[in-house]
Structures are given as C-alpha cells and as structure tokens.
Amino acid sequence: MSTPYIQMIEQIMRWPWSGRVDQDFNALANLLSPHFAFNFAGNADIEKDVVANIASYGNQLGLISKVLLEISEGHSSEKLAELTEMVDKIDKAKADHKHKTKRAAIEAMERLRNHDPDAFAKLLSDNANS
C-alpha cells in the first residue's frame, strides 16, 4: 500500500531500475573510438535501415566499382587502373578473411573432437543435412 507522500516522492525521484534499462552500446563504443559524424542529405533513419538491413556502404561501393569497371572495358586510364588494383586488393582481403574463418572453424572442430568426441559426433549428425 502506497501513501500519497510516497507516490509524490516516486514521481520526483528515479529509483534504480525504475525506468528504461536498455542502453545503446553503439553510443558507448563511439566514446571509446574515433567519432565520425555523417551528414545525411536525406533521411538518417532510412540510411540506417538500408545499411543495417540491405547493403553496407562497402557492399554498395563494391557493386558500383564492379559495374564501373565492367562498363569501362576497352578503355584505359590511370584512375581506372587504380580502381582495378583497389578492387583486386579488396577481393584478396575478403578471400583471406574467408580462409581464416574456415581455418578457425576447422581448428575448433578438431578441438571439440579431441576434448568431447560425443559432442563432436552429435554436432556432425545434427548438421549432416544443413
């Protein structure tokens, strides 16, 4: 049972866990890393949705770069050569990361097989048709 005085105090004071307790960890990460301010010409909410759910800036630029190289076939310039070299380096970096991820998965599977053969066998059987 709450008295009118307690109700009045509760309206003034915020007790721990009395309100929203979620936190935007991206905001915290921004405090710990360099801060970049993006000035959107359009709607920032749409930009955030597109980057989060459709295509990152890297995917968008990668596609544009590849289309540009495709339509510029037969032409040559210093800038096209730079773009070609950059795209090749990016593709190599992606392949290197894919290889590292595959290698890490193989090593994890080997550790599981050595430390818990039953869990290893179950993991294989559970994912045999995946």
Side-chain angles (χ1 to χ4, degrees):
M1 182 159 85
S2 182
T3 68
Y5 297 110
I6 292 177
Q7 290 175 351
M8 185 175 69
I9 291 171
E10 285 176 344
Q11 290 177 359
I12 297 170
M13 296 186 68
R14 288 285 172 202
W15 304 102
W17 302 97
S18 65
R20 291 184 56 188
V21 294
D22 60 334
Q23 180 178 1
D24 182 1
F25 287 99
N26 287 335
L28 179 60
N30 285 339
L31 292 174
L32 303 174
S33 64
H35 181 70
F36 299 98
F38 294 100
N39 296 319
F40 296 102
N43 185 319
D45 290 332
I46 293 171
E47 291 291 332
K48 184 177 179 181
D49 183 44
V50 168
V51 170
N53 300 309
I54 299 170
S56 68
Y57 294 121
N59 286 340
Q60 293 175 47
L61 288 171
L63 179 60
I64 291 167
S65 296
K66 289 182 180 187
V67 168
L68 182 59
L69 290 173
E70 186 178 303
I71 63 174
S72 64
E73 280 185 20
H75 300 353
S76 63
S77 75
E78 185 179 323
K79 295 300 179 189
L80 280 174
E82 287 179 35
L83 181 61
T84 300
E85 182 180 351
M86 183 183 67
V87 168
D88 290 344
K89 286 179 180 179
I90 291 168
D91 288 343
K92 183 182 180 319
K94 288 179 181 179
D96 289 348
H97 281 274
K98 191 179 284 188
H99 175 75
K100 287 177 188 176
T101 301
K102 181 181 175 184
R103 186 71 224 148
I106 290 169
E107 290 171 358
M109 294 287 288
E110 289 172 353
R111 284 193 307 275
L112 181 62
R113 182 179 60 209
N114 292 334
H115 295 292
D116 192 346
D118 294 336
F120 177 77
K122 181 168 177 15
L123 180 65
L124 290 180
S125 67
D126 288 352
N127 293 287
N129 296 323
S130 296

Which atom pairs, donor and acceptor, lie under 3.5 Å between side-chain atoms of residues 108-123 and protein residues at least two apart or in another chain?
from   : atom 1 : to     : atom 2 : distance (Å)
Asn114 : ND2    : Glu110 : O      : 3.2
Asp116 : OD1    : Ala119 : N      : 3.2
Lys122 : NZ     : Asp126 : OD1    : 3.4
Lys122 : NZ     : Asp126 : OD2    : 2.8

With a 3.5 Å cut-off and sequence neighbours excluded, list the donor-acceptor pairs that the side chains of residues 84-91 form with protein atoms.
from  : atom 1 : to    : atom 2 : distance (Å)
Thr84 : OG1    : Leu80 : O      : 2.9
Glu85 : OE2    : Lys89 : NZ     : 3.2
Asp91 : OD1    : Lys66 : NZ     : 3.3

Could you give the side-chain donor-acceptor pairs of residues 67-75 under 3.5 Å, partners two or more places apart or in another chain?
from  : atom 1 : to    : atom 2 : distance (Å)
Ser72 : OG     : Leu68 : O      : 2.9
Ser72 : OG     : Leu69 : O      : 3.1

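When the side chain to side chain donor-acceptor pair (under 3.5 Å) test is applied to Glu107, the partners found at least two apart in sequence or on another chain are Arg103. Residues forming a salt bridge (charged side-chain N to carboxylate O under 4.0 Å, His left out) with Glu78 (at least two apart in sequence, or on another chain): none. Residues passing the salt bridge (charged side-chain N to carboxylate O under 4.0 Å, His left out) test with Asp96, sequence neighbours excluded: Lys92. Judged as a side chain to side chain contact (heavy atoms under 4.5 Å, CB included), and not counting sequence neighbours, the contacts of Asp49 are Asn53. Judged as a side chain to side chain donor-acceptor pair (under 3.5 Å), and not counting sequence neighbours, Lys79 has no contacts.
Atoms CG and CD1, from Asn59 and Ile64 in turn, are 11.0 Å apart once rounded to the nearest 0.5 Å.
Hydrophobic side-chain contacts under 4.5 Å tie Ile54 into a cluster, directly or through other members, with Ile46, Val50.
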